[in-house]
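Convention: sequence-line order gives letters A, B, ...; per-chain numbering from 1.
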2 protein chains.
Amino acid sequence: MPRLHPNIVDANRRKIERVALRLFCAQGFHGTSMREIATRSHVSLGNIYNYYKTKDELFTSIVNHYGQVMNTQRDRLLESIHAPFERDEILGLASRIRDVVYRYGDFWLLMYVDVTEFRNRHFEKFFLGLADEFRNRFRREFSQPQLRRGLKGLDPGMVFAAMWMQFFNYFLVERLFRGRRHFGMADAAVVKGLSQMYERVWRR
Amino acid sequence: MPRLHPNIVDANRRKIERVALRLFCAQGFHGTSMREIATRSHVSLGNIYNYYKTKDELFTSIVNHYGQVMNTQRDRLLESIHAPFERDEILGLASRIRDVVYRYGDFWLLMYVDVTEFRNRHFEKFFLGLADEFRNRFRREFSQPQLRRGLKGLDPGMVFAAMWMQFFNYFLVERLFRGRRHFGMADAAVVKGLSQMYERVWRR
DNA sequence: TCAACAAAAATGAACGTTTGTTTTTTAATA
DNA sequence: TATTAAAAAACAAACGTTCATTTTTGTTGA
């Protein structure tokens with residue numbers, strides 16, 4: 001009984017999803033036709049329906065697949081941090097976030113597609129409990145006496161979340177909104193400045 | 001020669017655009033049909049084309065109209081600030097940004113629609129020169145000796161832009177991404193914490 | 001070793017809707 | 001009644017999906 005080798009099935013799905021992701025991000029879900037996905041991925045229109053029951057299922061599959069990739073990236077990023085409030089590590093955090101935003105820019109665009117065409121149905125989970133995960137992961141680092149003294153009552157989890165979101169948002173605006181230099185200075189200067197700023201919140 | 005009174009024409013346009021804005025935000029540009037806009041605004045399909053040549057023109061008209069409203073809001077917001085780095089004014093800034101995000105949430109969603117379906121064609125201008133406008137408007141405030149001493153070389157324009165974007169981004173995530181309490185604490189606590197943080201950047 | 005076979009995969013035409021827009025018809029008004 | 005506004009009907013194109021058909025492919029029997 002002839003059956004496609006699982007590796008080939010996976011490869012075909014990846015090929016379709018890669019093309020579909022690009023198109024969904026550039027022209028939205030409803031603005032992208034199955035015909036265009038078929039043509040550009042060199043898979044016949046009918047055959048796509050052997051891999052996905054509906055267009056919605058194709059979208060969901062992309063979100064889930066890339067969602068796993070992004071979770072892995074986030075974990076790796078967090079694991080590389082050992083002193084979350086030292087200037088050098090803040091610089092490193094910024095640089096890694098920049099990488100993630102620029103390398104996986106399409107994924108973040110897909111998030112906007114989800115917000116505007118699906119009321120954030122698929123992506124809601126990505127924001128839930130973000131700060132709490134920070135607090136959990138850096139419990140030890142956040143409770144160091146020197147840091148707590150410097151923060152003078154400021155919640156370290158909140159400060160870290162602020163830092164994290166700030167860098168993400170900065171690069172997302174630069175990348176996705178073409179807000180070239182929206183801080184009025186080069187990326188490197190912004191990163192340097194913000195790193196100084198966040199270090200100064202607790203250290204003088 | 002009977003001709004509609006300009007006020008009535010304007011009222012009709014507003015009626016159409018209000019409905020279209022809501023629909024574009026909830027299901028995207030391509031996901032919204034002219035028929036649905038017609039039905040919900042109680043204007044016949046054919047008649048909409050007496051007001052707008054094409055669907056694209058309707059979209060553009062909405063962006064321009066609400067863009068003016070948002071620019072006015074931003075100007076009023078900035079005019080209310082006299083000491084940009086005092087804790088009380090930072091709290092006020094946060095509260096006003098919150099208002100703008102919650103009252104005009106649809107407008108920001110439209111920005112995401114524009115990014116994902118028009119490559120940010122209509123909204124690009126909204127980010128250009130943002131920080132430079134801050135620097136211009138607060139030239140006097142930013143050059144106060146006490147502040148400059150406290151900032152120790154940090155660019156006040158950058159710090160203010162960071163603050164501005166931070167509050168906007170925080171409330172946008174809360175409002176549009178349903179990231180309920182994504183900092184792991186209530187809005188009021190976040191605002192209080194961030195205000196303390198930004199004051200502490202320059203004042204001890 | 002290799003044609004014959006059966007099952008799966010791939011294809012593209014076809015289907016019924018829905019789309020944006022245009023054209024035609026009707027209603028309203030100075 | 002002349003002119004515009006509003007409504008309704010009509011149009012071609014495009015949509016997501018289905019389906020009949022062809023091609024491919026691993027196995028089998030000689």
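No donor-acceptor pair closer than 3.5 Å links the side chain of A:T116 to the backbone N or O of B:V113. Side chain of B:D114 to main chain of B:H122: a donor-acceptor pair is present (N/O by atom type, distance under 3.5 Å, no hydrogens or angles).
Residue A:S33 places no side-chain N or O under 4.0 Å from the OP1 or OP2 atom of D:dA14. Between D:dA6 and B:N12, a contact under 4.0 Å exists linking OP1 or OP2 to a side-chain N or O.
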Got a list of protein N/O to nucleotides 7-10 of chain D N/O distances below 3.5 Å?
residue	atom	partner	partner atom	Å
D:dA7	OP2	B:S44	N	3.3

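A:E17 and A:Y52 are linked by a side-chain donor-acceptor pair at a separation below 3.5 angstrom, with hydrogens and angles left out of the test. No donor-acceptor contact under 3.5 angstrom links the side chains of A:H30 and B:Q27, judged on distance only.
Residue-level contact check: A:Y51 touches the backbone only, with heavy atoms under 4.0 Å from sugar-phosphate atoms and none from bases. Contacts of B:D56 with the nucleic acid, taken as non-hydrogen atoms under 4.0 Å apart, are absent.
Distance OH (A:Y52) to P (D:dT18): 17 Å, rounded to an integer number of Å.
Relative to the ring axis of B:Y102, B:R98 places its NZ or CZ within 45° and under 6.0 Å from the centre.
Sequence neighbours left out, the pairs with a member in residues 83-95 of chain A that pass side-chain hydrogen bond (donor to acceptor under 3.5 Å, both in side chains) are A:E86-A:R203, A:R87-A:E199.
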